[in-house]
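Comments concern the structure below.
Every chain is numbered from 1, with letters handed out A, B, ... down the list of sequences.
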Amino acid sequence: MAKVQGAIVVDREKCKGCEVCVPACPTHVIELAKEVNGKGYHYAYMANPDGCTGCSNCAIVCPDGVITVYRVKTS
Amino acid sequence: MDVKEIIKDENLVYKKTSLMTSNVLSYCPGCGHGTAHRIIMETLDEMGLQSQTIGVAPVGCSVLAYDFMNIDMIQAAHGRAPAVATGVKRTRPDKFVFTYQGDGDLAAIGTAETIHACNRGENITIVFINNGIYGMTGGQMAPTTLEGMKTATSPYGRNLRSMGNPLKITELIAQLPGTYYVSRQAVHTPSAVRKAKKAIRLAFEIQKENKGLSFVEIVSNCNSGWKLPPVKANQWMVDNMFPFYPLGDIKVDGQLVNAQ
């Protein structure tokens with residue numbers, strides 16, 4: 001069965017660390033970083049990239065539209 | 001497979017629409033305005049209406065919407081967006097015209113303009129963001145503030161005897177014969193965003209067919225005004241706002257879905 005693997009790219013400088021994407025992720029991939037960006041926000045990042053399926057739920061709820069989603073089928 | 005191998009242009013699934021400018025949104029972290037802006041722009045992008053749409057920005061937090069929406073925009077005086085949109089649509093009936101208004105703009109100072117534009121059945125789309133508070137000016141009580149809700153001007157909670165009842169303006173305008181489609185949506189979860197986007201698409205399609213006024217309310221959060229972190233504000237919205245402002249279509253094809 002073909003497996004789907006995804007990845008997200010977060011625009012760190014535009015992320016405001018609102019955390020809305022964290023509960024939206026069905027596979028608990030996203031967490032907020034300990035580091036902060038130029039504005040002092042803890043930006044979102046992929047904490048366990050293996051779980052990402054590229055469903056784009058996080059990008060859809062992101063109020064600032066900073067998440068870009070990629071997806072591939074791996075056999 | 002390594003993450004770097006996945007992140008390639010050919011594997012792209014979702015990115016911010018080009019109809020949103022690259023400016024950083026001026027809204028607080030977690031504010032529903034950003035999501036609402038984006039789904040409207042995605043809808044226009046999918047329908048290919050970028051060059052044919054004129055938006056009317058309100059006064060309020062979203063006063064700078066013209067900085068973020070990459071289409072032609074006008075900024076109207078406080079509450080007068082439906083009146084301005086009426087003028088634009090009547091002079092340029094071939095254009096798509098929508099207003100984007102908050103609850104302080106649409107339900108308070110602009111009540112007359114809203115009700116009369118809806119009653120005349122102007123062929124425009126109104127997107128109404130309801131967060132139950134005046135966000136930009138510092139969280140004062142709005143007409144849509146819930147009973148018992150604490151705001152800067154109702155520090156002991158809204159008292160119905162002295163401050164009146166919360167206004168369900170969406171149900172009110174649904175009674176008017178001029179409105180063709182009235183719906184209430186939210187943008188706090190992925191499924192809610194998808195439903196809201198469908199409602200906005202339907203609203204623009206109704207305008208395309210000259211059927212009458214389409215009105216989409218989006219129940220949103222105001223985490224700064226409510227003094228809650230974004231995720232808790234969304235939960236508070238589900239627990240308190242949705243029982244009073246239930247989601248779903250209120251009027252479809254000019255017929256009330258269920259009499260309220």
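Side chains of A:Lys16 and B:Val24 form a contact here, defined as non-hydrogen atoms less than 4.5 Å apart. Looking at B:Ser22 and A:Lys14, their side chains come closer than 4.5 Å, going by heavy atoms from C-beta outward. A:Met46 has its side chain within reach of B:Val3: a pair of non-hydrogen atoms, C-beta onward, lies under 4.5 Å apart.
Across all non-hydrogen atoms, the minimal contact from A:Ala7 to B:Ile7 is CB-CG1, 3.9 Å. A pairwise comparison of heavy atoms in A:Val61 and B:Pro190 identifies CG1-N, 3.3 Å as the closest pair. A pairwise comparison of heavy atoms in B:Ile6 and A:Gly6 identifies CD1-O, 3.8 Å as the closest pair. For A:Cys18 against B:Pro29, the heavy-atom pair with the smallest separation is CB-C, 3.6 Å.
Counting only distance, with no hydrogens or angles, the side chain of A:Arg71 and the backbone of B:Tyr14 share no donor-acceptor pair below 3.5 Å. The closest donor-acceptor contact from the side chain of B:Lys15 to the backbone of A:Tyr70 lies at 3.5 Å or more, if one exists at all. Of the possible donor and acceptor atoms, none in the side chain of B:Arg194 sits under 3.5 Å from a partner among the backbone N and O of A:Ile60.
Ranked by heavy-atom pairs shorter than 4.5 Å toward chain B, the options A:Asn57, A:Asp50, A:Thr68, A:Val20 are led by A:Asn57.
For B:His37, no part sits under 4.5 Å from any heavy atom of chain A, backbone or side chain. For B:Lys8, the part lying under 4.5 angstrom from a heavy atom of chain A is the backbone only. Only the side chain of A:Val9 has a heavy atom closer than 4.5 Å to any heavy atom of chain B. Residue contact with chain B, scored on non-hydrogen atoms closer than 4.5 Å, is absent for A:Cys52.
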